[in-house]
Amino acid sequence: MSISNSDKKFMQIAVDLAKKGAGKVSPNPLVGALIVKDGSIIGEGFHVKFGGNHAEVNAIGNNFVADSIMFVTLEPCNHHGKTPPCTERIIAEKIQRVIVGSVDPDPRMQGKGIEYLKMHDIDVSVGILNSKTDELIRFYTYWKKTGYPFCTVKLAVSEDGFIAGIEGQSKWISSQESRAEVHQMRAEYDAVLVGTNTLFIDNPALTVRHITGRNPNRVVIDRSGKAKGTMQVFADNTDRIFYFSKLKRNDLPKRVSQIQLNENEFNLSGILKILGENEQQSILMEGGAKMVTALIEMNLCSEIILYYAQKELGDGISFNESLISKYGFQIFDQSQSGIDKKTTYRRTYV
Ligand code: AOF
Ligand code: ZN
């Protein structure tokens, strides 16, 4: 059956529903679902939190959905995980048609859910609005395919081209709106990563304050074990702290997960691999110029977001923007954030 403009409109609603789970469902994907009968919406749902009902089940709820059409941003699952297979439920409810955005890259799936529905005489269409549905699951997809977290570098660049003052301090370059946006990202990424230099210069808390949202996990890379236990990054909180060092520290709060690596193991690639193994799908890199450059040069960075601010610093540390094209990044999006101009660069990956 062909896809109409109203089908696209319904899928867009499912995409918007899926976004409501941001920051709460990882390491599962964001998923939204909508049930339509005779042109009217009779059910809406999304994956609300990890371990909870899938979007499809929430959309079905207690509604009578026989002979309806389901719009779902991700291929319905066909396996027993923390919850039973959505495909079985769709079949049992006698839903007539399923319109899917993206195929699930999980090795247990990759089209098996779609095949299963078709085998049970359900009319399935795949790929509608898939640039949007793929975007919803970009962290999940990258992590499933590579085992590494999707890393975003975020930098504010002053009017005269510096990302930090001469001492390395990077606070207050960008506008209030940009700072709120970064806090929104913190609330949606699994973890925020910094190195020792940033800890000593900025003593950042890396928590969410300008908006309402949960705090991200924090990752501290401190090769020679210099960080102080009293630093804000270790302040008591409910989320996890991963601390990478060559030394075992006895003076850090007990809740810090210490991961000791030897000289050979101590590199960004190895560290990110370990974070991936610990189900960290997305990392926001708020580190200094050196760490950011290393991440890009090692092909470990998937996205660079630059906030071009209006403020002049006079002098300071700059970021070599020629790295952006040299490592295959292209402009993905441009927008305005308060008085700052924001550019998002992406590189094609997997
Ligand atoms: C769906 N709808 O809303 C989500 C899906 O452990 P479980 O039962 O929660 O299953 C997790 C897997 O299910 C996950 O790896 C992915 O393949 C799929 N996620 N599928 O049909 C949803 N969140
Ligand atoms: Zn499911």
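These numbers were taken from a predicted model, which means no experiment stands behind them. Counting starts at 1 for both ligands and their atoms, in listed order.
Nearest to atom 23 (N) of ligand 1 among the protein's heavy atoms is His47 CD2, 3.3 Å. Taking atom 11 (C) of ligand 1 as the reference point, the nearest protein heavy-atom neighbour is Asn28 OD1, 3.2 Å. When only non-hydrogen protein atoms are considered, atom 6 (O) of ligand 1 lies nearest to Lys82 N, 2.7 Å.
Gln281 contributes a side-chain N or O that, together with a main-chain N or O of Pro27, makes up a donor-acceptor pair within less than 3.5 Å.
By the 30° and 60° cut-offs, the orientation of the rings of Phe234 relative to Tyr243 is perpendicular. The aromatic rings of His47 and His54 stand perpendicular to each other, their planes meeting at an angle above 60°, with 30° marking the opposite boundary.
Atom numbering of ligand 1 starts at 1 in the shown order; those under 4.0 Å from a heavy atom of Pro76 are 21 (O). Within ligand 1, the atoms closer than 4.0 Å to a non-hydrogen atom of Asp106 are 15 (O), 17 (O), numbered from 1 in the order shown. Numbered from 1 in the order shown, with element, the atoms of ligand 1 that lie under 4.0 Å from a heavy atom of Cys86 read 21 (O). Every atom of ligand 1 is numbered from 1 in the order shown, and the set under 4.0 Å from a heavy atom of Arg108 is 12 (C), 15 (O). Atoms of ligand 1 lying under 4.0 Å from any heavy atom of Glu75, numbered from 1 in the order shown and given with element: 21 (O). Near Glu56, the atoms of ligand 1 lying under 4.0 angstrom from a non-hydrogen atom of the residue are 1 (C), 2 (N), 3 (O), 21 (O), 22 (C). For ligand 1 and Tyr140, the ligand atoms under 4.0 Å from any heavy atom of the residue are 14 (C), 15 (O), 16 (C), 17 (O). Heavy-atom contacts of His79 reach the following atoms of ligand 1: 10 (O), 12 (C), 13 (O), 17 (O) (cutoff under 4.0 Å).
There is no side-chain donor-acceptor pair under 3.5 Å between Gln336 and Asp340. Side-chain contact of Asp239 with Asn217: a donor-acceptor pair under 3.5 Å is absent, judged by distance alone. Side-chain atoms of Ser337 and Ser178 form a donor-acceptor pair, as typed in the model, at a separation below 3.5 Å. In the model, Ser125 has a side-chain atom that pairs as donor or acceptor with a side-chain atom of Arg97 under 3.5 Å. Side-chain atoms of Arg347 and Asn299 include a donor-acceptor pair closer than 3.5 Å. In this structure, a donor-acceptor pair under 3.5 Å is absent between the side chains of Tyr307 and Thr343.
By heavy-atom distance, the residue among Gly52, Gly51, Ala55 lying nearest atom 3 (O) of ligand 1 is Ala55. When the heavy atoms of Val25, Val31, Asp104 are ranked by distance to atom 4 (C) of ligand 1, first place goes to Val31. Comparing Lys49, His54, Arg89 by heavy-atom distance to atom 1 (C) of ligand 1, the nearest is His54.
Counting only protein N, O or S atoms, 3 lie closer than 2.8 Å to the Zn ion (ligand 2).
Within the structure, every pair that satisfies the salt bridge (charged side-chain N to carboxylate O under 4.0 Å, His left out) test and touches residues 251-261, not counting sequence neighbours, is listed here: Asp236-Arg255, Arg249-Asp251. Contacts classified as salt bridge (charged side-chain N to carboxylate O under 4.0 Å, His left out) and involving residues 181-196 (residues at least two apart or in different chains) are given here: Glu181-Lys342, Arg186-Glu286.
Applying the ring pair (Phe, Tyr, Trp, His ring centres under 6.0 Å) rule to Phe242 yields no partners; only residues at least two apart in sequence or on another chain are considered.
Taking the six-membered ring for Trp, Tyr189 and Phe150 have ring centres at least 6.0 Å apart.
For ligand 1, the polar-atom distance check against Cys77 finds a nitrogen or oxygen pair separated by under 3.5 Å.
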